[in-house]
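A, B, ... follow the sequence lines: proteins, then strands. Residue 1 opens every chain. Computed over heavy atoms, backbone and side chain alike; hydrogens, waters and symmetry mates excluded. Please read all numbers here as calculations on a predicted model, not as lab measurements.
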Amino acid sequence: MTAIKGTKSKVLVDEFDFSGDTASVTVTVGMTEEDATTLQATGAEYEPILPSLKIEQNGYLVSGSDMESELYDRLGVAGSYVAALFDTDVVGCPAYIQETFNAQMNIQAPAKSLMTLNGAWGMGRGGHRGIRIFDGVIDATGAQAAVDLGSAGSDGGIAFLFVQAITGSASGAAIKVQSSATEGGTYADEGTFTFSALGAYAVALTGTVNRWLRLNTTGLGGATDFTVVAIVCVNDVTQ
Amino acid sequence: MTALKSAGNVTVTYNSNAATAYINSVDLQNTVAELEATNLSSTGEESDAGLVNSTLNIGGDHNSTVDGYFGPDSLTGTKRTAVIVINGVTWTWTSKAYITNYKVTADAKGKTTWSAQLRLSGLGVRS
């Protein structure tokens with residue numbers, strides 16, 4: 001198996017892609033547990049309780065970059081969507097996302113080296129794991145290429161849209177997440193993102209989510225184009 | 001007597017997924033709790049055996065495939081079957097293995113790596 005270079009990763013914070021400022025990113029998923037050993041047990045037994053997700057990023061202070069100011073604005077402030085993506089050459093690469101706040105921001109400036117900016121995001125309101133289904137520019141209404149999840153889910157999930165750039169202005173732009181049992185089949189609407197500004201957005205998915213997923217733009221809201229990254233998390237499949 | 005190399009002599013299967021090719025280290029720990037048994041007539045500290053407590057630490061080079069094996073369960077605590085074969089000896093925890101810590105690290109100057117700690121609940125079957 002060929003090792004995947006660390007450069008095939010991304011860090012997204014709301015509308016910002018901080019990959020160019022980041023030297024390393026670590027995702028840690030934890031699970032608390034409790035002893036559940038009973039009489040007659042032949043070995044110590046445990047039960048899992050609650051998961052937690054943490055994303056840590058270490059990087060540099062880069063000339064012209066917004067990262068330092070944006071991390072400061074989010075220091076202790078809830079409501080940011082942070083995503084770490086790995087193996088990004090793969091179309092449906094894995095992604096870990098959390099709604100959270102910036103919990104740590106350390107700046108170091110050694111005289112004989114580069115200035116570094118290291119930080120960690122709090123556990124916030126839980127974490128999600130999904131796959132990326134789109135990363136690029138949308139300049140017309142219509143459907144994008146579908147991505148195969150591998151299997152369908154029956155218990156909903158959640159989708160995230162990181163709107164990174166808008167050419168012109170968008171008022172009520174709308175992008176649907178759709179799914180189908182087969183790549184060329186009939187696609188059902190699973191959720192709709194509606195936006196008028198840069199930022200990250202989430203939409204809940206309910207019931208069955210089939211294995212083939214795609215974005216379908218129904219309205220540009222007056223914009224010429226926008227740059228987005230879409231990640232879909234399906235219960236009992238990706239998370 | 002020749003010490004055995006690890007490569008080729010260890011396999012790991014998790015939830016029916018053959019994970020061996022994605023793992024470069026295995027650490028299977030079976031620790032017996034020691035129950036304090038020192039009494040007033042003891043001439044040295046004494047202990048009795050309690051229950052065995054088992055964990056599995058694994059890790060290797062990361063990619064989408066191995067993330068698909070361990071990533072989803074890391075957020076749910078779902079119990080799966082883990083089978084570890086070491087030099088022909090099989091250790092099995094049937095529907096008793098769950099992930100307590102899963103970590104993925106990407107370093108711009110290196111490769112993306114992963115590690116996981118699994119709780120192996122109860123006494124495994126060694127055959």
Side-chain angles (χ1 to χ4, degrees), chain A residues 1-11 19 22-33 35-37 41-54 56 58-59 84-96 126-129 131 150 233-239, chain B residues 19-24 30-33 49-55 60-80 93 96-126:
Chain A
M1 192 204 82
T2 304
I4 305 298
K5 294 179 184 175
T7 50
K8 303 300 182 182
S9 309
K10 282 192 174 185
V11 175
S19 304
T22 303
S24 71
V25 60
T26 297
V27 169
T28 305
V29 183
M31 178 67 68
T32 59
E33 55 180 349
D35 191 302
T37 309
T42 54
E45 299 184 7
Y46 297 82
E47 291 290 334
I49 306 298
L50 292 173
S52 64
L53 175 67
K54 291 210 73 172
E56 298 167 273
N58 297 321
L85 293 81
F86 300 101
D87 202 2
T88 52
D89 281 356
V90 172
V91 171
C93 69
Y96 291 82
H128 301 276
R129 179 187 178 276
I131 66 166
C233 311
V234 179
N235 293 336
D236 302 324
V237 179
T238 70
Q239 63 177 19
Chain B
T20 307
Y22 307 98
I23 297 172
N24 58 26
N30 295 297
T31 306
V32 177
L51 295 174
V52 67
N53 183 316
S54 302
T55 58
D61 294 337
H62 180 270
N63 66 9
S64 297
T65 300
V66 71
D67 197 85
Y69 292 168
F70 296 99
D73 288 349
S74 68
L75 283 163
T76 62
T78 304
K79 294 181 183 177
R80 305 291 191 186
W93 278 265
K96 292 276 196 175
Y98 60 89
I99 300 169
T100 56
N101 189 285
Y102 178 66
K103 180 178 286 191
V104 180
T105 298
D107 188 320
K109 293 185 295 183
K111 57 187 178 181
T112 306
T113 59
W114 70 281
S115 66
Q117 180 174 72
L118 277 68
R119 167 69 66 191
L120 306 172
S121 185
L123 183 66
V125 174
R126 180 184 179 279

**Message:** Can a side-chain donor-acceptor contact be found between B:Asp67 and B:His62 if the only test is distance below 3.5 angstrom?
**Reply:** yes
**Prompt:** Is it the side chain or the backbone of A:Thr238 that comes within 4.5 Å of chain B heavy atoms, both, or neither?
**Reply:** backbone
**Item:** Atom group of B:Tyr98 that falls short of 4.5 Å from chain A, counting heavy atoms
**Value:** side chain
**Pick from A:Tyr46, A:Tyr96, A:Phe86 with the largest number of heavy-atom pairs that fall under 4.5 Å of chain B** = A:Tyr46
**Message:** Please rank B:Thr78, B:Val52, B:Thr100 by heavy-atom pairs under 4.5 Å with chain A and give me the top one.
**Reply:** B:Thr100
**Asked** Among B:Lys79, B:Lys109, B:Gln117, which has the most heavy-atom pairs under 4.5 Å with chain A?
**Response** B:Lys79
**Item:** Under 3.5 Å side-chain donor-acceptor pair for B:Asp73 and B:Tyr102
**Value:** no
**Message:** Using 0.5 Å steps for rounding, measure from the CD atom of A:Gln239 to the OG1 atom of B:Thr76.
**Reply:** 9.5 Å
**Asked** Non-hydrogen atoms of chain B under 4.5 Å away: do they reach the side chain of A:Ser19, the backbone, both or neither?
**Response** neither
**Request:** Examine whether an atom of A:Glu47 lies under 4.5 Å from a heavy atom of chain B, and if so say whether it belongs to the side chain, the backbone or both; otherwise answer neither.
**Result:** both
**Contact leader toward chain B among A:Thr32, A:Thr7, A:Thr42, where contacts are heavy-atom pairs under 4.5 Å** = A:Thr42
**Asked** Do the side chain of B:Trp114 and the main chain of B:Tyr22 share a donor and acceptor less than 3.5 angstrom apart?
**Response** yes
**Message:** Would you compute the distance between atom CG of B:Asp107 and atom CG of A:Asn58 and round it to the nearest 0.5 angstrom?
**Reply:** 9.0 Å
**Message:** Is a donor from one side chain sitting under 3.5 angstrom from an acceptor on the other, for B:Asn53 and B:Arg119?
**Reply:** yes
**Prompt:** Which of the residues B:Ser64, B:Gly77, B:Ala108 is involved in the greatest number of heavy-atom pairs with chain A at under 4.5 angstrom?
**Reply:** B:Ser64
**Interchain contact, A:Val90 with chain B, by part (heavy-atom threshold 4.5 Å)** = side chain
**Asked** Which atom pair, heavy atoms only, marks the closest approach of A:Ala84 to A:Val27?
**Response** CB-CG2, 3.5 Å
